[in-house]
Participant: 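Encoded as structure tokens, here's the structure I'll be asking about.
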Amino acid sequence: MASLNTLRTKFGVLLSVIIAFALLAFILSLKTEMGFSDNDPKVGVINGEKINYSEYYEQYEQIKDQNNIQESDEQQSAMLANAVWQSLIAKYVMTPGFEQIGLSVSQAERLGMISGQYPSQLLYNYFADPRTGEYNVAAVSEFLAQAETNPQAQQLWARLNEEICREREFSKFVGLLRGGAYVNKLEVANGVAAANTNFSGKWISKKFSAVADSLVSVSSSDIKEYYNSHKNNFKQLPNRTLSYVVFEVDPTDDDMLALEKKVMKIGAEFNETQELKSFVRSDRNGKIADNFVTAAQLTAEEAEALMAGKTYGPVLKNNEWTMARVLSTKMAPDTLGLRHIVLPYNEVKLADSLLSALKAGGDFAEAASKYSVYEATAANGGEVGVMPFSAFTGEFAEALADAKKGDIVKIAQGDVIQLMQVYRADKPSKHVQVASIVYPVEASDATRRTVHNQAGSFSVNAKGSVEAFNAAATEAAVTPRVAVLSQGERMLRGLEDSREVVRWACGAEKGDVSEIFNVGKDYVIATLTDIDDEEFTPIEKVSAQIRSVVLRDKKYDYILNELSGSTLEEQAKNLGSEVASFENVNMGGFYVDGMGVEPRVVGAISSTPAEEQGKVSAPVKGLSGLYVFQVDKISEADQQTAEAERVRQQAMMENIVRQFSIPAVQEMANIQDLRGKYF
């Protein structure tokens, strides 16, 4: 019945969604007045299909309702937005593709998902028994019986069926791809050889940093040539560049003094009040702990005061003024060993009958195995384990505070009744429930107004151009920060709670200056300095990055021209280097002692054939310098078997399929994410 109650609640939410759709239709009827021009705004393009605001909003509300998601913070909102977008990608990319390859979900499969034969996370979310955590097929049957006369339930059931079939299609698609992941005998043999063959020898190097930049030159034509030959490395999403300033709102000395005076006054009242619970609850910064704690769970200063019945504080620590008093005291065991029997809330008679039988000497473990609906512990005789008393709150704390070894108590809470047997109880010690008031040190309203006025003056002076923005920043003694916002991003990196800034930026024109945004405790003003919708990052934006790569290549050529000698020792002397040794290098590694992370060098060493032992290698261009080595010994180990290597490579390939198959399909769909202006 608990599941049905949950579903009834969901029906209420669903009704709210239907009303919301009606309101949306009304809003869209006023599209000209709302700034929507003559069209439903476009929030994206997926596989050539235009995604309108109304379609996205409908899907947004639907998924929000289906998954009972609350937009309590930016993280939750971002998760919901991502789920909506992926759902639309599934609709316009994955589902048509599945149809083309003949992949579908049969009626038998759909019924198998409903019956629990094929697990479905979505159905589990709706129909899992909250007492046992198991999928409850009976709850599905009860829901369908109600749906016969409930149009809202019928709509919900239709949507659920659509989603579970899509869920199954995805699973089958990835399964098909995984089935195509195959490791052949040659790959296994090469893997075994790579893992079991170790190389030892000597090496020399000269670092690129040892060559002065002035000894080589990088021209603009060199940079352009590299850019053109590596252009795919510079693919990008459309992006916008912002310059923004932060007006930090910090408490002044006057604020600190005023707060201290206020806290001390409240602290005196807090210390004297006889109605502690009411006093704390009447203060918006007050809190009454749910649990009881021992002295060991408090700081030394708190324990010294509170355990003696005194008031702790007010004291300033961690930028907060804190005061605390003991509201209630209990002598209770530090830890309790417990077993329990969990029964549905409506099984009061059964609970009372079992309680009487168990107190008369009945076998608790046997009763738990037979009657408890919580299968996770029922199978183990109801064993809960040893827990600290401080872990318990409410009815549990009241019932277990005076418990002794062998006691059995009944506790009704929520939608279950629990019979709890105490098989271990430590010696009672003093536990306290603490009431506290905590005032954070923060700026006063007057200080906030002053800083806001400063931001307002800046905003007026900054309009007109980027130069005016920068000049206003200099005058206001604030440093502009730069952020690049790529298509689809919801936050500015380095600036928390910046969703509103992003929304403004997505609709702004180059040179626009924003309103004043509240970002955390501070104020932010931004200007849009660039809009880049090109497929590739312009060369001027990456020229510094390219220059460092070309400079490294030219330094390699410079060192290569210096290299001479027929032995490693001669070459080392010529380069001003020293000969070092390496041991047990193999293909599976990427690090060499004394050399660092140099995968190219490791690859060259571990590819040395037996006939090349004792010979000086060709130069290798590493990440940080030019390297030359000589393999003196190749040894065989017995670290990896063929079967173990096959399993390792197969698992790796299947993991790659799972990780990259869907993103690869999406990349081919030419997706444009334009939601930032609206969501």
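This one's a predicted model, so the numbers in the text were calculated from it and none came from an experiment.
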Participant: Run the side-chain contact (heavy atoms from CB on, under 4.5 Å) test on V501 and L242 for me, step by step, so that the C-alpha distance in whole Å, both residues' side-chain angles and the decisive distance to 0.1 Å come before the verdict.
Facilitator: CA-CA 10 Å; V501 183; L242 292 84; 4.1 Å; yes
Participant: Atom CD of residue position E534 - does it have more than 12 heavy atoms of other residues, nucleotides or ligands inside 6.0 Å?
Facilitator: no
Participant: Ignoring hydrogens and geometry, is there a side-chain-to-backbone donor-acceptor pair from S87 to A83 under 3.5 Å?
Facilitator: no
Participant: Checking N161 side chain against W157 main chain: does a donor-acceptor pair fall under 3.5 Å?
Facilitator: yes
Participant: Would you say I341 and F364 make side-chain contact, with heavy atoms under 4.5 Å?
Facilitator: yes
Participant: A side-chain contact here means heavy atoms from C-beta on lying under 4.5 Å apart; do S77 and R490 qualify?
Facilitator: yes
Participant: Side chains of V45 and N670: closer than 4.5 Å at any heavy-atom pair?
Facilitator: no
Participant: Please test L156 against Q152 for side-chain contact (heavy atoms from CB on, under 4.5 Å), starting from the C-alpha separation and ending with a verdict.
Facilitator: CA-CA 6 Å; L156 176 59; Q152 295 170 3; over 6 Å; no
Participant: Do side-chain atoms of E489 reach the backbone of S486 as a donor and acceptor pair under 3.5 angstrom?
Facilitator: yes
Participant: So which atom in N586 and which in A195 form the shortest heavy-atom distance, rounded to 0.1 Å?
Facilitator: ND2-O, 4.0 Å
Participant: What I'd like to find out is whether the side chain of R675 reaches to under 4.5 Å of the side chain of V43, using heavy atoms alone.
Facilitator: yes
Participant: Check whether any side-chain N or O of K172 sits under 3.5 Å from a backbone N or O of S104 as a donor-acceptor pair, and report yes or no.
Facilitator: yes
Participant: For the pair F389 and F392, name the ring-plane relationship: parallel under 30°, tilted 30 to 60°, perpendicular over 60°.
Facilitator: tilted
Participant: Atom CZ in R646, atom CZ in R648: separation rounded to 0.5 Å?
Facilitator: 12.5 Å
Participant: Can you find a pair of side-chain heavy atoms, one from V665 and one from M94, that are under 4.5 Å apart?
Facilitator: yes
Participant: Where do V422 and A403 come nearest, in terms of heavy atoms and distance?
Facilitator: CG2-CB, 3.8 Å
Participant: Taking atom CD as the centre, does E366 end up with more than 12 heavy-atom neighbours from other residues, nucleotides or ligands that are less than 6.0 angstrom away?
Facilitator: no
Participant: Do the side chains of E169 and R166 get close enough for a salt bridge, i.e. N-O under 4.0 angstrom?
Facilitator: no
Participant: Would you check, one step at a time, whether the test side-chain contact (heavy atoms from CB on, under 4.5 Å) holds for L237 with D673?
Facilitator: CA-CA 10 Å; L237 289 171; D673 186 351; over 6 Å; no
Participant: With a 3.5 Å distance limit and no angle check, can you tell me whether N291 reaches the backbone of S390 through a side-chain donor-acceptor pair?
Facilitator: yes
Participant: Using the rule side chain to side chain donor-acceptor pair (under 3.5 Å), only one of E49, Q59, E55 pairs with K91; which is it?
Facilitator: E55
Participant: If I compare all heavy atoms of V174 with all of S661, which pair ends up nearest, and what's the gap?
Facilitator: CG2-OG, 4.4 Å
Participant: Does Y423 reach the side chain of V386, with side-chain heavy atoms less than 4.5 Å apart?
Facilitator: yes
Participant: Consider side-chain contact (heavy atoms from CB on, under 4.5 Å). Of I411, D352, L358, which one does L419 pass it with?
Facilitator: L358
Participant: Just by distance, do the side chain of D533 and the backbone of P238 share a donor-acceptor pair under 3.5 Å?
Facilitator: no
Participant: I'd like to know if the side chain of E654 pairs up with that of Q650 as donor and acceptor (distance under 3.5 Å, no hydrogens or angles considered).
Facilitator: yes
Participant: Between E167 and Y118, does any side-chain donor sit less than 3.5 Å from a side-chain acceptor?
Facilitator: no
Participant: Donor-acceptor pair, S120 side chain versus I164 backbone, under 3.5 Å?
Facilitator: no
Participant: Could you measure the distance from the CG atom of L343 to the NZ atom of K410? Nearest 0.5 Å is fine.
Facilitator: 10.0 Å
Participant: Looking only at heavy atoms, which two atoms of V93 and A669 are closest? And how far apart?
Facilitator: CG2-CB, 3.6 Å
Participant: What is the minimum heavy-atom distance between A378 and A368, and which atoms define it?
Facilitator: CB-O, 3.5 Å
Participant: For I417 and Y345, work out which heavy atoms get closest and say how close.
Facilitator: CD1-O, 3.6 Å
Participant: Under the criterion side-chain contact (heavy atoms from CB on, under 4.5 Å), I'd like the reasoning laid out for V484 against D532: C-alpha separation, chi angles, the key distance, then a yes or no.
Facilitator: CA-CA 10 Å; V484 178; D532 186 354; over 6 Å; no
Participant: Angle class for the F127/Y135 ring planes (parallel below 30°, perpendicular above 60°, tilted otherwise)?
Facilitator: perpendicular
Participant: Does the side chain of H340 reach to within under 4.5 Å of the side chain of Y374, using non-hydrogen atoms?
Facilitator: yes
Participant: Side chain of T377, backbone of E383: donor and acceptor closer than 3.5 Å?
Facilitator: no
Participant: Crowded around D402 CG? As in, over 12 foreign heavy atoms under 6.0 Å?
Facilitator: no
Participant: In Å, rounded to the nearest 0.5 Å, how long is the span from CH2 of W85 to CD1 of I46?
Facilitator: 4.0 Å
Participant: For the backbone of A147 and the side chain of Q154, can you confirm whether one donor and one acceptor N or O come within less than 3.5 Å of each other?
Facilitator: yes
Participant: With a 4.5 Å heavy-atom cut-off, do Q107 and L111 have their side chains touching?
Facilitator: yes
Participant: Between R503 and E500, is there a salt bridge with N-O shorter than 4.0 Å?
Facilitator: yes
Participant: Please tell me whether E142 and Q146 have a donor and an acceptor in their side chains that are separated by less than 3.5 angstrom.
Facilitator: no
Participant: Where does the angle between the aromatic ring planes of F98 and F173 fall among parallel (under 30°), tilted (30 to 60°) and perpendicular (over 60°)?
Facilitator: tilted
Participant: When you look at CD of Q413, are more than 12 heavy atoms from neighbouring residues, nucleotides or ligands closer to it than 6.0 Å?
Facilitator: yes
Participant: Is the side chain of R240 donor-acceptor paired with the backbone N or O of A508 at a distance under 3.5 Å, no angle test?
Facilitator: yes
